[in-house]
Every structure is written in structure tokens, then in C-alpha cells.
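Below: one structure, written as C-alpha cells.
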Amino acid sequence: MNRRPFLKLVSALTIAGALAANAASAETIRIGAVAPKTGPLAGGATVTQWPSIYLWVEQVNAAGGLTVDGEQMMIELIEYDDQTNPGETIKAVQRLATQDDAHFIIAPYGTGLNLAAAPLFDRYGYPQIAVSAITDQQAELAAKFPNMFFTLGTTTALAADVVKVLTDMRDAGQMGDKVAMVNVADAFGIELATAAKPLFEEAGFDIVYETSYPLGTQDLSPVIKGAAAAEPDAFVAWSYPPDTFGLTEQAMIENLDVKAFYTAVATPFPGYGARFGSAAEGVLGAGGVNPDSPAFMEYAAAHEAVTGAKPDYWASATTYASLEILGQSIEAVGLDREAVTAHLREATFDTILGPISFDENNSNADFWTVGQWQGGVFRGVASRGRDGTVPVILKDGWE
Amino acid sequence: MRNLILAALAFGICALLPFGDNGYWLGLGVTIAMFTTLATSWALFSGPTHYISLATAAFFGVGTYVTGLGIDTLPFWSLVGLAGLIGAVLAALVGLATLRLSGVYFVIFTLGLAELVRQVITWVQNNTGQKGLYVLTDLDEAGIYWWLLGLAAAVFLTGWLIGRSRLGFALRIIGDDETVAAHSGINTARAKILLFMVPGAVAAMTGAILAPRYVYIEPSLAFAPILSFQVVIMALLGGASRLWGPLVGVIPFTFLLETVSSNFPNQTTLVIGIAFLVIVYLLPNGFVGLLDRVLRRTKANEVQ
């Protein structure tokens, strides 16, 4: 007598559970993500990569999912930590492709990890919209891995536009032609310095001081002291996150007197502005955005509301844009990966950075190259084909 | 002889893996083959001598750079050989400088070696204005797997031969008591250096073989110190006193790492750390030690 209602309840629950599970699995798009949560690149990935992924998934799902063939599908995010180890990146991509049956995989973080994953994206036919993989080898790589797309620009463009910004300042009579150039002795730092040196010489600059320091150098005061002794008009450092902060700190201590001060990677991080406050005013760095565009402002506000942190003023927005591009492609042609890749080559996408399309080398030709801290915000001062660049200001002391 | 035939048969079966699965399992197969090669060659030296070497990452990185720098000019097989040669020479130099030291001095030096080699390479790159190194080849996962398997077979064969040679006998005596060995007329330094060249050459060749898998070679990825520690832990989990010991450590450890990284994406490093502690605490002599203990107990029971 008493057993029946209980049985009814159990069977009802079982059926409901089964229905719910079915509904969920039938209508979700499985999106894989692999990037460092630990290891040397974790600092960058947790500022630039992960928050934008979480934000995009949250926003798409809050809006009811992506529309695929007239049906609303929610996104299920499957994430892995590659510990900044290419072997782990390879394993994770393989797991996503073969065990988790991911419909799509978000490109990993960093040049090395993206390229380690490229053969697998290629083999399983996943489109790979790489962001933090800056290289001059785009044509060669796109020929080898036709599914790989590039969004953040080339090494040479980043270096050339710094030279151009300084040339304009010199030609406007704002400073002389003496440059101190230093670099971190590691992959990307060396590439940038190698690209920049002939460009500086060609532009008629006199490189009065040139040195490099190993990655992880704690005491950077000899670098700044050496530069100061050469009395340059401009100081350019092709630096990585830890030394970007270290060099700026030493420049403040030594009160390095230059009209232009440039540090490369991590200068657009919100942490940089927060740490140096008004001393950051006038510091030039790699990247940039148009912080006044309504699309960026809306993105930055949502980023902070959802993830509790501010986006950086460069690759964060591009990472988000790469996901918008993926989402728009899925809505346009469905879950067929080959069709999505074909669509990526042909279409123009409306993103928070403005329109983005890919050329015959799978690269986005419109990107930011140089930015500057102005009034507590990092603003783009040079770009390839982007709107909203502002004039450069002179570095005026470290107060 | 029977053991040799059995081993050859086992390798033959392993070589069939790419025909069975060309994706996930082959990927794990590459990882297992890589660590088996590294850990077994590591144990060839460290097992009998009890010198803990943390130099694997240094040799491995040198090997990836040999492929990275030479891939456009030389055929791949010659690069693997060249890497082995460079690794052996480097190991001999390091051995000459340090193997007269013992204990903790040797450990610290080998740990620093990866950083030293890495800094030398970046210094050269920096001064020559080297651009990024891209290794674009047609070698796929199956090809890399077969290369590694071949290398692993060579390592096992070398180990088997050394075990039967005068050198192997000398090393066992050195491991038991170096002073006694020296007094019995064994040139201990020479024996140790000769044997240290084996893991040096093998790790460099492994790096050279794996470079096409990483595509882009940069110092921080090629010389990652974690590799040296993983090799030591896997070899110790298996047991360094037998030739096949590291193998029984590598296989469960690879699956453990795989399970942890797929199930704890946010705590991978933490869980791996705890696993290390548990292994060291519960299995101080590795699986080989555990097996010996079980065998001894059964024997004791039989006697009773």
C-alpha cells in the first residue's frame, strides 16, 4: 500500500532525469579549451585567455546559446591545464578531439603551445584561430596548417610601428635621434630586437646603447644605468612580463630622462597601470585598443562583472573577438568543421575590435601595434587598419 | 636467449600500435615510449652507481635544438645521430668535470646544467640574431612513435649488454663501495664517465626525435626542468635496480598523469604533487622492491 507512491515518485524522477540528460546532450555544443593554469605562462593566460573564454561562454549561454540550423544550442566548456608544457598541450588536444568529442577547440595560448597543437588541429580538421601566436612565418605556417588563422599581427609589424612612432616624434622636433635598445634574451625578445635594429638604422636613428639580459634577471639596474649613461632620447625594451615591470621600476629609481619609454609584452596589462599609477603616464608598449569605442567599453564592463578582473588593453579583446568569430561561423554554417573553416576564409566578421577578415595567408591584416598609457588608460597610438588611434604624448618624468 | 626473443616479440607487438589506433592511444604511446627510453637510460647509470642525475632536460633540450637548427639542411636520421653524438660528448665533458664529485654536489651540478646549456644557447641566438626555430616536417605521430620505439629497443639492448660486460660488473662494485672498487684496480672515474654518456646520448636523441612534434623550438619549452624530475620519479617508482624496472614505473605513471589532468583541470599540479608524496611514502623501493618483498615472503612461507 505504502510502496506505490514511492515507486511512482522514483520512476517519475528517473524518467525526468533521463529526459533532462537527453535534452542536455542533444543540444549542447562541446567546446574544448586548453591553456596554462600553471607554469611560466600561467600569469599571462589567466589575465588574457581564460577570463575571455569564461565571459564568452557565459554570455552565449545567457542569451540561450548559439543558433545552429534554427535550433538553440547551449555551450558546454571542457577545459584543461597544459602546465605550459607542449607535451601536455598535445595530449589535451588529442583528448578533446578523440575522447571528449569536442565540436570545436579554442586555440591554445602562446606561440610555442599553439604550434605544438597545430599538427593535431590540422589532422582532426579543427579550425585554430590563434591569438597569442605572433610570428613572421604566417604564410609558411598557413600553407602547412591550412586550418590555422592568425589574429594578433606579425613580429615585424610590431617592431616597425615602434620605429615609425619614434620617427614621427623625431621628425616633429620632439626629440633627437639617440635610441637605447635592450632585449630579453629569449625567443620573442630576440626576434623583435632582430627585426627592429635594421629598421632603426634605416630610419636614421643612432643606437647609442644596446644590450640584452637573460630571462628571469632580477637586478635590472645595470641595464637602466648603462642606458642612462648613453643619454638617449628614447628607451626601447623588447621585454617579457617580469622584466617589463622590473625595467620600469628601475627607470623610476634612476629617474631615467627620456622623451619616449617603451617596454613590450605586459605593458597593456591592467596590473601595470595599477602598480605604477601616475608614473606609467606616457609609457609606450606593445599592443593597444581603442578604449573609447562603445564595443570595447561594454566588453570591459562585462569582463569585470563576470570574471572579477579587468581585461588587458591588447590580446584580451582579440581573444574575445576570436571567439565571436568562431560563434558567428557556427551560426552561419553549423557544426561541420570543414564548412566553418571555409567560412572563416571567406566571411568578414563583426567583432568588438571592428570588422575582421582573413587574407590568403589566413591572417588578419588589421591589428593594433603600439599603445601608450594616457590618463590611466592604455590607448592605441599606432595600428594597421584600426580606427581610434590617438596622438603620442611625450614622456615627462616619473612623478 | 629466451629473454631476448621474448623482448623482441614484445617490441614487435608494440610497433603495431599505430595500426590499431591513430589518435588518443597512439598519443599516449608516444609519451610512454619517450619516458621509457629516458627513464631506462637514466637508470642504466643511476641504478648501479646511485648518482642521481637531473641532467635529462639539458641533453633533451640540446637534441631538440640540433633538429631545430639542422632540419632545413640535413636529413632527419642524421640529425638524430648527430644529437646522440653531441649528447655523448657533452656528457663526457660533464662527467670529467663532476663525476669525481659525489652525492649532493653531482645532483646540484646536473640540475644547473640544463639552465647553463639553455643560457649558452640563448646567448648564441641573441648574438647571431636568430629568428624563431620552426621544425616543419612530414613526420607524423606514428613515425615519431616508431623512432622512439627503435631507440627504446636500442637502450634495452645496450643495458642488457652492459649488464653482462666487465663495465657492468665494475659499476656494481662502484655502487656497493667506491673505495673498494678503486682498491681492486678499477678505474672508477673512467667507468662512470663511459656509462654517463649513455643517458646523455639517449636523452639528446629523444629530444631530436620529438622536435618535429613540438614544431616551434624555444628555450623555455626545450629545457623545462620538470622533465628531469619526471624521469627520476618514474624510474624510482618502477625501481632502478632492474633493467625493466623503469618500464613498470612509466606505464602506470603515464596513466596516472593522464587521469589527473583530465579529471582535475584546475588542480593538476597539486594532485600530481600529492601523488609523488604517496608514492615515495608507500613504495620507497618502487614496484621492483615491492615485488622482491612479496617474493621473499612467499618463499619464507614455503620454507615454513
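Here is the naming used below: chain letters follow the sequence lines, and residue numbers restart at 1 for every chain.
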Going through the distances and angles, do A/Trp50 and A/Tyr109 end up as a ring-ring contact (aromatic ring centres under 6.0 Å, His included)? CA-CA 10 Å; A/Trp50 288 112; A/Tyr109 180 82; 9.5 Å; no

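A donor-acceptor contact closer than 3.5 angstrom links the side chains of A/Gln128 and A/Asn114. Using a 3.5 Å distance cut-off with no hydrogens or angles, the side chains of A/Asp243 and A/Tyr213 do pair a donor with an acceptor.
For B/Glu258, the parts lying near chain A are the backbone and the side chain together; criterion is any non-hydrogen pair under 4.5 Å. Using a 4.5 Å cut-off between heavy atoms, A/Asp82 makes no contact with chain B at all. Looking at B/Asn266, both its backbone and its side chain come within 4.5 Å of chain A, counting heavy atoms on both sides. Residue contact with chain B, scored on non-hydrogen atoms closer than 4.5 Å, is absent for A/Leu120. There is no contact between B/Asn263 and chain A, counting heavy-atom distances below 4.5 Å.
In terms of heavy-atom pairs under 4.5 Å with chain B, the best-connected choice from A/Pro119, A/Ala185, A/Pro40 is A/Ala185. Each of A/Glu140, A/Glu79, A/Gln83, A/Gln99 has some count of heavy-atom pairs under 4.5 Å with chain B, and the biggest count is that of A/Gln99. The most heavy-atom pairs under 4.5 Å with chain A, out of B/Tyr24, B/Trp123, B/Trp25, B/Phe264, come from B/Tyr24.
Remark: A/Asp101 CG is packed, more than 12 non-hydrogen atoms of other residues, nucleotides or ligands lying under 6.0 Å away. More than 12 heavy atoms of other residues, nucleotides or ligands lie within 6.0 Å of CD in A/Glu201, so this atom counts as buried by the packing criterion. Atom NZ of A/Lys144 sits in a crowded spot, with more than 12 heavy atoms from other residues, nucleotides or ligands closer than 6.0 Å.
Remark: B/Arg118 is not positioned above the aromatic ring of B/Phe223, lacking an NZ or CZ atom under 6.0 angstrom from the ring centre and at most 45 degrees off the axis.
Nearest heavy-atom pair, B/Gly68 versus B/Ile217, reported as atom, atom and distance to 0.1 Å: CA-CG1, 4.4 Å. Closest heavy-atom contact between B/Ala57 and B/Leu227: CA-CD2, 4.1 Å.
For an aromatic pair to be called close, the ring centres must be under 6.0 Å apart, and A/Trp238 with A/Phe200 fails this.
At a heavy-atom separation below 4.5 angstrom, chain B is approached by A/Gly87, A/Glu88, A/Ile90, A/Lys91, A/Gln94, A/Arg95, A/Thr98 within residues 87-98 of chain A.
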